[in-house]
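Heads up, the thing below is written out as structure tokens.
Everything numeric in this text was worked out from a predicted model, so none of it was measured. Chain letters run A, B, ... following the sequence lines, proteins first and then strands; every chain starts at 1.
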There are 2 protein chains.
Amino acid sequence: MAFLKVVPLEKALEVINSFPLEPKVEKVPLGEALGRVLAEDIASPIDVPPFDRATVDGYAVRAEDTFMASESEPVRLRVVGEINAGDTPEIELKPGESVYISTGAPLPKGADAVIQFEDVEREDDEVVIYKPAYPSLGVMKAGADIPKGKLLLRKGTRLTFKETALLSAVGLSEVPVFRKPRVAVISTGNEVVLPGDELEQGQIYDINGRAIADAVRELGGEAFFLGIARDDRESLKALVEKGVECCDIVLLSGGASGGIRDLTNSIIEELGEVKIHGIAIQPGKPTVIGLIDGKPVFGLPGYPTSCLTNFTLLVAPLLRKLIGREGEVRKVRKRLAHKVFSVKGRRQFLPVKIEGEKAVPILKGSGAVTSFVDADGFIEVPENVEILDAGEEVEVTFFG
Amino acid sequence: MAFLKVVPLEKALEVINSFPLEPKVEKVPLGEALGRVLAEDIASPIDVPPFDRATVDGYAVRAEDTFMASESEPVRLRVVGEINAGDTPEIELKPGESVYISTGAPLPKGADAVIQFEDVEREDDEVVIYKPAYPSLGVMKAGADIPKGKLLLRKGTRLTFKETALLSAVGLSEVPVFRKPRVAVISTGNEVVLPGDELEQGQIYDINGRAIADAVRELGGEAFFLGIARDDRESLKALVEKGVECCDIVLLSGGASGGIRDLTNSIIEELGEVKIHGIAIQPGKPTVIGLIDGKPVFGLPGYPTSCLTNFTLLVAPLLRKLIGREGEVRKVRKRLAHKVFSVKGRRQFLPVKIEGEKAVPILKGSGAVTSFVDADGFIEVPENVEILDAGEEVEVTFFG
């Protein structure tokens with residue numbers, strides 16, 4: 001069902017949320033998991049440590065053999081072997097016996113304590129013990145750090161080096177993570193050229209292509225910049241088709257000309273279905289949203305700040321959903337640094353810069369590149385509000 | 001000059017800072033610049049916009065031609081052409097003339113204002129104007145957004161999508177950034193195996209290799225995990241040589257056994273020079289630091305928390321220096337959640353978790369994997385302090 005007139009933002013978000021895209025899961029090698037988002041709860045498949053482990057260098061003993069030890073009447077145990085870290089001990093301690101053991105080595109059967117070598121004396125094949133050891137002294141029991149089956153990490157966790165190290169500790173070499181959504185990015189406009197090309201009179205360099213592609217990457221998606229479509233049907237259609245073929249989502253940003261919007265609209269209509277045809281917000285009225293082969297296609301406004309604002313409002317939530325970061329908070333409450341005026345009957349989003357506890361409105365106009373570079377995000381001025389006073393509390397939504 | 005006994009942390013940092021490593025600069029394509037750190041100040045090579053640009057759809061006029069216009073006595077100008085975005089206008093406006101112009105198009109010579117089409121009437125080849133236009137109405141002047149030569153971004157800036165978009169806007173297709181330091185990561189220990197391998201009795205999975213490699217990546221370096229060296233000279237020497245060959249920095253983390261430290265020491269001595277042989281901190285006393293072929297080699301402690309603490313104290317500052325992020329603050333002041341005890345005469349670093357305004361000490365022992373996973377960073381307990389009381393202000397240094 002297409003909306004032939006502008007719809008409220010909430011309606012647009014509802015439509016976007018109903019698009020037939022679901023988070024997908026893939027397994028990646030642990031060495032490539034950094035920064036990815038877990039797609040499943042992870043429980044430990046093993047005990048850590050996997051065996052009773054010496055935590056000091058010293059002598060593994062049966063604690064009960066030492067209970068009578070004292071300074072005046074030390075206990076003497078026969079040293080029947082040596083176990084180092086990485087060894088597989090085949091010794092079984094019998095009463096009156098001990099083995100030399102190094103930190104990290106597995107305790108032999110029968111032993112339940114390790115007395116560090118500084119606390120004993122060695123005399124030939126005997127160790128002299130001057131005070132009792134209690135069971136578990138100098139030992140980390142199997143599973144004491146992480147018991148087998150323990151829930152380690154929850155679905156939705158973004159993996160930092162601490163989490164990848166934890167997964168390594170329990171021996172997982174592959175990790176289920178959300179697949180990165182593939183996003184095609186297309187710039188449009190006869191006047192737009194790529195950085196590095198020579199500017200002819202009347203031309204400007206592309207901004208939105210880079211901004212959107214890199215914003216997608218920061219969010220955790222994969223971006224494919226397909227290039228610049230000219231203001232003609234064939235050029236634009238070819239790139240949209242390429243985008244739908246290679247990616248999950250297609251993002252276009254309009255040139256300055258209004259013609260692009262109609263072209264985008266008509267191409268989506270030909271190849272699929274237009275779902276949204278304008279949203280009742282400023283900036284964003286000319287935003288077009290459709291579905292082609294089940295893949296969302298967004299036609300975003302051309303002015304950089306407008307483009308980025310609409311990307312933040314409409315596309316970023318969809319990307320976060322696909323990547324398992326839905327709950328992420330990207331808002332902060334600040335106080336307005338100075339008064340701003342809006343137009344009654346218009347739901348407006350204004351770029352602001354955060355300075356300490358203040359939100360400073362940036363009033364350069366949405367055509368200025370520097371207005372989104374200077375801004376950290378935007379605030380909303382509701383439809384029925386004409387003036388927001390200095391000092392009023394506002395909610396700042398960060399770009400991206 | 002080698003220090004044959006333990007040195008204070010400050011001395012170790014001085015030695016590390018004097019190592020013959022300097023930040024290196026490379027040019028990367030703009031499309032790969034996201035997340036990198038600028039190695040030079042960037043000034044705009046062009047005016048943005050590069051020409052006087054229409055900001056509305058309408059009629060470009062000589063403002064003075066309209067000064068007499070009023071509702072009752074409108075001015076009529078002849079429409080002599082049309083200019084769209086991307087066009088190279090060859091028209092020059094003469095008095096009494098106007099052209100139809102679309103948003104983003106360059107103004108023709110002679111014109112200095114654009115009146116939006118909603119405000120005028122079109123009658124055949126004439127436009128009827130009802131009120132005066134002032135010069136610059138509907139126009140963004142060349143350089144009004146960014147004048148040529150303006151300092152845009154400072155050396156040391158980490159590039160987010162906003163900065164890459166800005167660089168795109170001024171047409172830069174290549175960006176000078178700090179080269180990522182190449183870091184070889186080696187784990188050691190007879191008992192250590194890689195995730196995915198079957199655990200034999202007495203073996204544990206590697207933790208430090210993954211933790212350190214991914215911590216290096218998060219800091220902005222390139223990490224190369226070279227594998228696990230066994231507790232024998234040849235195995236360890238081969239990997240150290242490989243690390244020195246492929247990388248700028250070599251990081252080893254010891255197994256639980258103390259033997260690794262002596263091996264590392266002796267191998268550095270053979271291949272280069274030992275510079276630090278123990279640091280008067282806990283954990284970290286067994287840390288060995290040397291230079292081989294001008295490349296720093298760090299032998300870090302084996303216990304995960306100790307390893308990570310020493311990485312944070314000793315290696316991370318070096319990486320930040322190489323990557324142009326030297327000034328980055330990784331500390332925060334909190335209040336201690338409960339009393340902790342230390343040993344007098346020992347400068348100790350204790351892992352803590354941050355909960356709101358509190359720093360909660362993690363007292364599981366440095367052998368526990370979970371103690372560094374739970375912790376956010378560490379606090380320092382100075383040499384002459386035995387007790388830190390609950391509520392005392394502490395400085396937490398984040399891991400990494």
Side-chain angles (χ1 to χ4, degrees), chain A residues 30-31 34 46 48-51 55 57 84-89 102-106 140 145-146 160-162 164-173 189-191 195-196 199-207 210-211 214-215 217-218 225 255-258 304 367-370 372-373 400, chain B residues 30-31 34 46 48-51 55 57 84-89 102-106 140 145-146 160-162 164-173 189-191 195-196 199-207 210-211 214-215 217-218 225 255-258 304 367-370 372-373 400:
Chain A
L30 182 58
L34 185 71
I46 60 164
V48 177
F51 48 83
T55 60
D57 292 341
N84 288 301
D87 285 356
T88 307
S102 61
T103 306
M140 185 185 266
D145 195 0
I146 305 169
T160 72
F161 72 90
K162 291 201 298 184
T164 59
L166 180 59
L167 294 168
S168 186
V170 300
L172 293 171
S173 56
N190 285 336
E191 78 280 25
L199 274 190
E200 307 281 331
Q201 170 66 10
Q203 294 183 327
I204 58 167
Y205 286 115
D206 178 50
I207 300 164
R210 181 82 279 130
D214 282 348
R217 290 193 182 114
E218 280 192 12
F225 181 64
S257 137
V369 185
T370 42
F372 93 79
V373 175
Chain B
L30 182 58
L34 185 70
I46 59 162
V48 178
F51 49 84
T55 61
D57 291 343
N84 288 302
D87 287 355
T88 306
S102 61
T103 305
M140 186 186 265
D145 196 359
I146 304 169
T160 73
F161 71 91
K162 291 202 296 184
T164 58
L166 180 59
L167 294 169
S168 186
V170 300
L172 293 172
S173 56
N190 284 336
E191 78 280 25
L199 273 191
E200 307 282 330
Q201 170 66 10
Q203 295 183 326
I204 58 166
Y205 287 114
D206 177 51
I207 300 164
R210 180 83 280 129
D214 282 349
R217 289 191 182 114
E218 281 193 10
F225 181 64
S257 136
V369 184
T370 42
F372 94 80
V373 175

Within-4.5 Å side-chain heavy-atom neighbours: [X] and [Y]:
{"X": "Ile204(A)", "Y": "Phe51(B)", "result": "yes"}
{"X": "Leu166(B)", "Y": "Val369(A)", "result": "yes"}
{"X": "Asn84(A)", "Y": "Asn190(B)", "result": "no"}
{"X": "Arg217(B)", "Y": "Phe161(A)", "result": "no"}

Name the region of Leu199(A), side chain, backbone, both or neither, that has any atom closer than 4.5 Å to a heavy atom of chain B.
->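 Only the side chain of Leu199(A) comes within 4.5 Å of chain B.
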Please flag which part of Val373(A) lies under 4.5 Å from any non-hydrogen atom of chain B: side chain, backbone, both or neither.
->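 Both parts, backbone and side chain.
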Compute whether any side-chain donor of one residue and acceptor of the other, for Thr370(B) and Asp145(A), lie under 3.5 angstrom apart.
->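 A pair is found: one side chain offers a donor N or O, the other an acceptor, under 3.5 Å apart.
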Non-hydrogen atoms of [X] and [Y] that approach each other most closely:
{"X": "Tyr205(A)", "Y": "Val170(B)", "answer": "CD1-C, 3.7 Å"}
{"X": "Leu30(A)", "Y": "Arg210(B)", "answer": "CG-CD, 3.6 Å"}
{"X": "Leu34(A)", "Y": "Glu218(B)", "answer": "CD1-OE2, 3.4 Å"}

Just give me the residue among [options] that pairs up with chain B most often, heavy atom to heavy atom, under 4.5 Å.
{"options": "Gly86(A), Ala211(A), Gly202(A)", "result": "Gly202(A)"}
{"options": "Pro106(A), Ser168(A), Gly31(A), Ser173(A)", "result": "Ser168(A)"}
{"options": "Asp87(A), Thr160(A), Thr55(A), Ile146(A)", "result": "Thr160(A)"}

Heavy-atom distance under 4.5 Å to chain A: side chain of Glu200(B), backbone, both or neither?
->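 The answer is neither part of Glu200(B).
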Gap between atom NZ of Lys162(B) and atom CG of Asp214(A) - 0.5 Å precision |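 So the gap between those two atoms works out to 13.5 Å.
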Flag the one option from Gly400(B), Ala169(B), Gly196(B), Pro49(B) with the top tally of heavy-atom pairs under 4.5 Å to chain A.
->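 Top count of heavy-atom pairs under 4.5 Å with chain A: Ala169(B).
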